[in-house]
Amino acid sequence: MTESKVQQPFRVRNFMAQEKATAGARMSELKLPSRSEDFSEWYNQLVLRAELADYAPVRGCMIVRPYGWALWENIQQALDRRFKATGHVNAAFPLLIPRSFIEKEKSHVAGFSPELAVVTIGGGEKLEEPLVVRPTSETIIGHAYAKWIQSYRDLPVLINQWNSVVRWELRTKLFLRTLEFFWQEGHTAHATLEEAEAETQQMLGIYADFAEKEAAIPVIPGRKSESERFAGADQTYSIEAMMGDGKALQSGTSHNLGQNFAKAFEIRYLDKNGVLQYCWTTSWGLSTRFIGAIIMVHGDDQGLILPPRLAPFQVVLVPIFKNEEEKAAVMERVGKLRQELLAADLRVKTDEREGFSPGYKFNDWEMRGVPLRIEIGPKDVAKGTVVFARRDKPGKEGKSFVSQQGLAVSVAKALEEIQAALYQRALAFRNANTHKPGDYAEFKVAVEKGFSISFWCGNSQCEEQIKAETKATMRCIPLEQSGGQGKCICCGQPAKEKALFGKAY
RNA sequence: CGGGGCGUAGCGCAGCCUGGUAGCGCGCCUGCCUUGGGCGCAGGAAGUCCCCGGUUCAAAUCCGGGCGCCCCGACCA
């Protein structure tokens, strides 16, 4: 058996190896590169060291480790709740799609064919018709909807599926862009354009609500330009978030597919007047890329910082003791407090590992982003207190003595404060790095390290020019407009809408 | 696809120029000792030196070919 060479799970740079000889150098190896010094490397090492994910033997593929998957499960629950509350149901459609399906919708095939993985052999035999590994499921679902929908009474159809898809990307990065990624894709069919448009916007709103309330990430919902539109959509909407380096990340999308797929797959219904009509369809998705957003929005130089509402562990209990006698007393108290917290539906982890110093554990859980750490030593047992250490406030500033009385209430309160503080910090950062340039020169400065909001004439030539000259792209036309009229930031022609520009992942 | 870098223990690397016993740090295992911000000591396990071929008495090292990974660019949800 030949062992395939895998990318290095732990790449500590050469320049660090040089410091190794000196006494203090070991610390620098344990630390992440700082965000300001090398944001990209900070991200790579954080993902590995927080044990969210690891590289797979195939280029561009990712192993989601249990801690990362637990985070994803919490994301799934928060979204699934919202989908169900708006009348959607889950189902599962196949991984393999006949290649001819992809080819039925003109712009869909044009958009996706360069990045398809195709199966040509099955059971040792060359296949009559190659099968593509789904890059998204509009086609195979469209085929099913054509069979299921006959009458206006069958509408709307509101189905979602949780799955993974494959797109053969050239340049990959853990969570942000991998060959295979996990997501949910919702697919709906409606009787009218208006209903389809309402659905598209409703789901965009759900993504925005999820991002802000659960992940503490402020987002800008908006409409995509023609060039950034999904292959096969009449209209694409997205939520855009600002990462810690000032770049934009599209964090969820919602598409109004018009009648494009309905016509390609003959999805039709008989209306009340007995007239055969094509359906109006939508699709919307949010992927594990969102985990990348959480990392890049909230993380600091110590590691990950998870929003309490999504964190796999909201609280970690770290016992501290010197000898067996102290250990017995401390562990007994830790066990009791743990039960109290569990009874209050808090997600709690007790770090019982032997042979690791408390200091090591502090750093370890900070790397993993647990929002609240509770330290309990012999002094606390004696005094009836514990030490809270808030992850969002490093060092002594985030530490406080808290009574063991009513601990579950104090913890819940602290978690809410952390959740709110993370959102406020992210919002303040985005505001500080979002500018409203008065001319093109100011625009260029603004998109160097953040967002620009300015009038845009709607002409794709300006979009192209801006991209060529600044590397910034139009992220979206925000739904929320201040109104009025102005001049295009690029060409100076009259413009009615303001657009969001920034460098993007 | 173009340019650059790299493949040696689980990880980070040295050794290669000048061919001859495969090494260091971290991690891992055992024991002792420690524990309120990344403890310490002692012992131990662990290698297809990416693959194939060539040169040579002898190849991690020299030569030829292949494969893979990373970074930058191009392309792109």
Side-chain angles (χ1 to χ4, degrees), chain A residues 1-22 24-31 38 40-41 44-45 48-49 54-61 108 110-116 135-136 165-173 176-179 181 183 224 227-233 236 238 249-253 255 285 287 289 302-303 318-324 326-327 330 351 353-367 373-381 385-387 389 394-396 398-399 401 471 473 504-505:
Chain A
M1 200 162 46
T2 356
E3 185 173 336
S4 49
K5 263 298 165 193
V6 186
Q7 290 124 311
Q8 327 297 341
F10 252 76
R11 281 177 302 136
V12 177
R13 289 304 189 189
N14 285 347
F15 63 79
M16 294 214 162
Q18 293 168 5
E19 299 172 20
K20 210 173 260 181
T22 64
R26 280 204 12 256
M27 283 300 291
S28 73
E29 256 177 78
L30 296 167
K31 281 214 158 83
D38 189 344
S40 175
E41 194 52 30
N44 288 337
Q45 288 193 28
L48 298 171
R49 292 178 62 176
D54 203 348
Y55 291 100
V58 176
R59 175 194 77 84
C61 290
H108 196 62
F112 279 109
S113 54
E115 50 186 52
L116 291 180
T136 177
V165 292
V166 169
R167 298 177 187 177
W168 217 260
E169 302 287 350
L170 293 179
R171 199 159 159 198
T172 58
K173 200 170 172 88
L176 298 181
R177 187 178 285 104
T178 47
L179 296 200
F181 59 90
W183 73 343
K224 285 290 193 183
S227 66
E228 299 268 336
R229 212 168 273 164
F230 175 75
T236 287
S238 72
L249 185 75
Q250 176 175 308
S251 308
T253 51
H255 314 289
S287 75
R289 165 181 268 198
Q302 301 305 312
V318 180
I320 298 162
F321 47 81
K322 281 198 184 62
N323 50 49
E324 286 302 316
E326 287 182 359
K327 179 180 173 182
V330 168
D351 191 344
R353 288 178 294 177
E354 308 234 349
F356 290 94
S357 67
Y360 178 92
K361 292 176 178 178
F362 297 169
N363 283 283
D364 194 39
W365 291 110
E366 280 167 13
M367 182 70 77
R373 179 178 71 242
I374 299 182
E375 309 167 10
I376 306 171
K379 294 174 201 167
D380 299 301
V381 173
T385 59
V386 296
V387 174
K396 281 220 169 90
K399 288 211 186 192
F401 288 101
K471 289 183 178 169
T473 51
Y505 275 94

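The basis for the numbers below is simple: all heavy atoms, side chains too, and nothing from hydrogens, waters or symmetry mates.
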Nearest-angstrom distance from the residue atom [atom1] of [X] to [atom2] of [N]:
X: A:Glu169; N: B:rG73; atom1: CD; atom2: C1'; answer: 17 Å
X: A:Leu179; N: B:rG68; atom1: CG; atom2: P; answer: 14 Å
X: A:Glu41; N: B:rG12; atom1: CD; atom2: P; answer: 12 Å
X: A:Trp365; N: B:rG38; atom1: CH2; atom2: C1'; answer: 15 Å
X: A:Arg49; N: B:rG10; atom1: CZ; atom2: C1'; answer: 15 Å
X: A:Arg229; N: B:rC76; atom1: CZ; atom2: P; answer: 17 Å
X: A:Lys327; N: B:rC33; atom1: NZ; atom2: P; answer: 14 Å
X: A:Leu48; N: B:rC70; atom1: CG; atom2: C1'; answer: 13 Å

Tell me if a side-chain donor or acceptor on [X] pairs with a main-chain N or O of [Y] at a distance below 3.5 Å.
X: A:Thr236; Y: A:Phe230; answer: yes
X: A:Lys322; Y: A:Pro378; answer: no
X: A:Lys361; Y: A:Asp351; answer: yes
X: A:Asn363; Y: A:Tyr360; answer: no

Expressed in whole Å, how much space separates the [atom1] atoms belonging to [N] and [M]?
N: B:rU8; M: B:rC13; atom1: P; answer: 9 Å
N: B:rU21; M: B:rG47; atom1: C1'; answer: 15 Å
N: B:rC33; M: B:rC69; atom1: P; answer: 49 Å
N: B:rU61; M: B:rG3; atom1: P; answer: 26 Å
N: B:rG40; M: B:rA22; atom1: P; answer: 31 Å
N: B:rG15; M: B:rC62; atom1: C1'; answer: 16 Å
N: B:rC67; M: B:rC24; atom1: P; answer: 36 Å
N: B:rG23; M: B:rG68; atom1: C1'; answer: 25 Å

Just wondering, do [Y] and [X] contact through their side chains at under 4.5 Å, heavy atoms?
X: A:Thr136; Y: A:Arg167; value: yes
X: A:Arg177; Y: A:Arg171; value: no
X: A:Ile320; Y: A:Lys379; value: no

Under 4.0 Å, heavy atoms only, any strand: does [X] hit a base, just the sugar-phosphate, or nothing?
X: A:Asn323; answer: nothing
X: A:Lys396; answer: nothing
X: A:Lys361; answer: nothing
X: A:Arg353; answer: nothing
X: A:Glu366; answer: base
X: A:Phe112; answer: sugar-phosphate

Options [options], nucleotide nearest the side-chain atoms of [X]:
X: A:Lys471; options: B:rG73, B:rG36, B:rC28; result: B:rG73
X: A:Leu170; options: B:rG37, B:rC75, B:rC76; result: B:rC75
X: A:Ile320; options: B:rG36, B:rC76, B:rA74; result: B:rG36
X: A:Glu375; options: B:rC75, B:rU35, B:rG36; result: B:rG36
X: A:Phe356; options: B:rG37, B:rC28, B:rC76; result: B:rC28
X: A:Asp364; options: B:rC75, B:rG38, B:rC76; result: B:rG38
X: A:Val387; options: B:rC76, B:rG38, B:rG36; result: B:rG36
X: A:Arg373; options: B:rG38, B:rG37, B:rA74; result: B:rG37
X: A:Pro378; options: B:rG73, B:rG37, B:rG36; result: B:rG36

Could you check whether atom NZ of A:Lys399 has more than 12 heavy atoms from other residues, nucleotides or ligands sitting under 6.0 Å from it? yes
side-chain contact (heavy atoms from CB on, under 4.5 Å) involving A:Thr253 - partner list, sequence neighbours excluded: A:Ser238, A:Gln250, A:His255
Contacts of A:Thr178 meeting side-chain contact (heavy atoms from CB on, under 4.5 Å) (sequence neighbours excluded), chain-then-number -> A:Met62, A:Phe181
Watson-Crick or G-U wobble partner of B:rG2, both distances under 3.5 Å: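 With both distances under 3.5 Å, B:rG2 matches B:rC72.
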Any strand counts, and the cut-off is 3.5 Å on both contacts for Watson-Crick or G-U wobble. Which nucleotide pairs with B:rG10? B:rC26
Of A:Phe321 and A:Phe230, whose nearest nucleotide on RNA chain B comes first from the 5' end?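 Comparing both residues, the 5'-ward one is A:Phe321.
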Using a cut-off of strictly less than 4.0 Å, decide whether A:Arg171 has a side-chain nitrogen or oxygen near OP1 or OP2 of B:rC72.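 The answer is yes; a side-chain N or O of A:Arg171 sits under 4.0 Å from OP1 or OP2.
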Kindly give the atom pairs (protein nitrogen or oxygen, nucleotide nitrogen or oxygen) under 3.5 Å for nucleotides 42-44 of chain B.
none

